[in-house]
Amino acid sequence: MTVAGINSRKEVISSIGSADLVVEMPGKRYVFEFKLARTKGSENLLLDEALEQSCDKRYGEILPIKELIRIGVVISAKDKAVSLWKIV
(Lines give C-alpha, C1' and ligand atoms only; values in the text may rest on other atoms or scores of the structure.)
Protein backbone atom coordinates (compact mmCIF):
# COMPACT_ATOMS: atom_id res chain seq x y z
CA MET A 1 0.00 0.00 0.00
CA THR A 2 2.86 2.35 0.76
CA VAL A 3 4.26 1.97 -2.76
CA ALA A 4 0.83 2.95 -4.11
CA GLY A 5 0.84 6.08 -1.94
CA ILE A 6 -1.87 4.81 0.41
CA ASN A 7 -1.50 5.68 4.10
CA SER A 8 -2.10 2.48 6.06
CA ARG A 9 -1.23 1.51 9.62
CA LYS A 10 -1.48 -1.82 11.44
CA GLU A 11 -2.44 -2.33 15.08
CA VAL A 12 -3.70 1.24 15.55
CA ILE A 13 -4.17 1.78 19.29
CA SER A 14 -7.24 3.52 20.67
CA SER A 15 -8.26 4.09 24.29
CA ILE A 16 -10.01 0.69 24.53
CA GLY A 17 -8.23 -1.56 22.04
CA SER A 18 -6.38 -1.68 18.76
CA ALA A 19 -7.70 -1.98 15.21
CA ASP A 20 -5.95 -4.54 13.01
CA LEU A 21 -5.59 -2.22 10.01
CA VAL A 22 -6.56 1.39 9.31
CA VAL A 23 -6.35 2.82 5.79
CA GLU A 24 -6.57 6.59 5.38
CA MET A 25 -7.90 8.08 2.14
CA PRO A 26 -8.90 11.68 1.40
CA GLY A 27 -12.23 12.10 3.19
CA LYS A 28 -12.55 8.39 4.18
CA ARG A 29 -11.11 6.05 6.77
CA TYR A 30 -11.31 2.27 6.38
CA VAL A 31 -10.99 0.14 9.52
CA PHE A 32 -10.36 -3.58 9.07
CA GLU A 33 -10.81 -6.19 11.79
CA PHE A 34 -9.50 -9.67 10.92
CA LYS A 35 -10.47 -12.99 12.50
CA LEU A 36 -9.05 -16.47 11.85
CA ALA A 37 -11.60 -19.27 11.44
CA ARG A 38 -10.22 -22.67 12.39
CA THR A 39 -13.49 -24.41 11.41
CA LYS A 40 -16.02 -23.75 8.67
CA GLY A 41 -18.86 -23.55 11.21
CA SER A 42 -17.31 -20.67 13.13
CA GLU A 43 -16.98 -18.24 10.20
CA ASN A 44 -20.33 -16.41 10.50
CA LEU A 45 -19.93 -16.05 14.27
CA LEU A 46 -16.42 -14.64 13.84
CA LEU A 47 -17.61 -12.16 11.19
CA ASP A 48 -20.28 -10.85 13.57
CA GLU A 49 -17.70 -10.72 16.37
CA ALA A 50 -15.24 -8.72 14.24
CA LEU A 51 -17.85 -6.10 13.31
CA GLU A 52 -19.19 -5.89 16.87
CA GLN A 53 -15.67 -5.45 18.25
CA SER A 54 -14.90 -2.70 15.75
CA CYS A 55 -18.05 -0.79 16.70
CA ASP A 56 -17.92 -1.42 20.47
CA LYS A 57 -14.31 -0.33 20.77
CA ARG A 58 -14.93 2.62 18.45
CA TYR A 59 -12.03 1.84 16.14
CA GLY A 60 -11.30 4.63 13.68
CA GLU A 61 -13.14 7.33 15.61
CA ILE A 62 -10.16 9.66 15.71
CA LEU A 63 -9.32 13.15 14.50
CA PRO A 64 -9.55 14.42 11.89
CA ILE A 65 -13.14 13.26 11.46
CA LYS A 66 -13.73 11.41 8.19
CA GLU A 67 -16.38 9.12 6.77
CA LEU A 68 -15.78 5.84 8.60
CA ILE A 69 -16.12 2.47 6.86
CA ARG A 70 -15.70 -0.64 9.00
CA ILE A 71 -14.86 -3.96 7.36
CA GLY A 72 -14.90 -7.35 9.07
CA VAL A 73 -12.80 -10.04 7.42
CA VAL A 74 -12.70 -13.77 8.22
CA ILE A 75 -9.76 -15.83 7.01
CA SER A 76 -10.07 -19.61 6.73
CA ALA A 77 -7.16 -21.42 8.39
CA LYS A 78 -7.78 -24.45 6.20
CA ASP A 79 -7.97 -22.61 2.86
CA LYS A 80 -5.53 -19.83 3.84
CA ALA A 81 -7.81 -17.32 2.12
CA VAL A 82 -10.53 -14.80 2.90
CA SER A 83 -13.74 -16.76 3.39
CA LEU A 84 -16.16 -13.98 4.45
CA TRP A 85 -16.17 -10.21 4.64
CA LYS A 86 -18.74 -7.54 5.32
CA ILE A 87 -18.80 -3.75 5.19
CA VAL A 88 -20.64 -1.67 7.80
Visitor: Is any NZ, NE, NH1 or NH2 atom of the basic residue among Glu33 and Arg70 found under 4.0 Å from an Asp or Glu carboxylate oxygen of the other?
Guide: no
Visitor: Side chain of Ser83, backbone of Val74: donor and acceptor closer than 3.5 Å?
Guide: yes
Visitor: Run Leu51 and Lys86 through side-chain contact (heavy atoms from CB on, under 4.5 Å) and show every step you take.
Guide: CA-CA 8 Å; Leu51 293 170; Lys86 186 175 182 182; 3.7 Å; yes
Visitor: I'd like to check Leu46 versus Glu49 (side-chain heavy atoms, cut-off strictly below 4.5 Å). Are they in contact?
Guide: yes
Visitor: On a heavy-atom basis, which atom in Thr39 and which in Ser42 lie closest, and how many Å separate them?
Guide: O-OG, 2.9 Å
Visitor: Are Arg29 and Ile69 packed together at the side-chain level, in the sense that at least one heavy-atom pair is separated by less than 4.5 angstrom?
Guide: no
Visitor: Are Ile6 and Val73 co-members of a hydrophobic cluster defined by side-chain heavy atoms under 4.5 Å apart?
Guide: yes
Visitor: Do Met25 and Leu21 sit in the same hydrophobic cluster, where Ile, Leu, Val, Met, Phe, Trp and Tyr count as joined when their side-chain heavy atoms come under 4.5 Å apart?
Guide: yes
Visitor: Counting only heavy atoms not in Ile13 (residues, nucleotides, ligands), do more than 12 fall under 6.0 Å from its CD1?
Guide: no
Visitor: Go through the side-chain N and O atoms of Tyr30 and Glu24 and say whether any donor and acceptor fall under 3.5 Å apart.
Guide: no
Visitor: Heavy atoms, side chains only, cut-off 4.5 Å: are Gln53 and Lys35 in contact?
Guide: yes
Visitor: Do you know the tightest heavy-atom contact between Val31 and Gly60?
Guide: CG2-CA, 3.7 Å
Visitor: Under 6.0 Å from the CG atom of Leu36, do we count more than 12 heavy atoms belonging to anything else shown?
Guide: yes
Visitor: Show your reasoning for whether side-chain contact (heavy atoms from CB on, under 4.5 Å) applies to Glu43 and Ser76.
Guide: CA-CA 8 Å; Glu43 290 174 346; Ser76 168; 3.9 Å; yes
Visitor: Which atoms form the tightest heavy-atom contact between Tyr59 and Ser18, and what is the distance?
Guide: OH-O, 3.3 Å
Visitor: Would you mind reporting whether Val23 and Phe32 have side-chain heavy atoms less than 4.5 Å apart?
Guide: yes
Visitor: Calculate, to the nearest 0.5 Å, the distance between atoms CG and CD1 belonging to Asp20 and Ile71 respectively.
Guide: 12.0 Å
Visitor: Less than 4.5 Å apart, any side-chain heavy atom of Lys66 and any of Lys28?
Guide: no
Visitor: Quick check: do Ile75 and Phe34 have side-chain heavy atoms less than 4.5 Å from each other?
Guide: yes
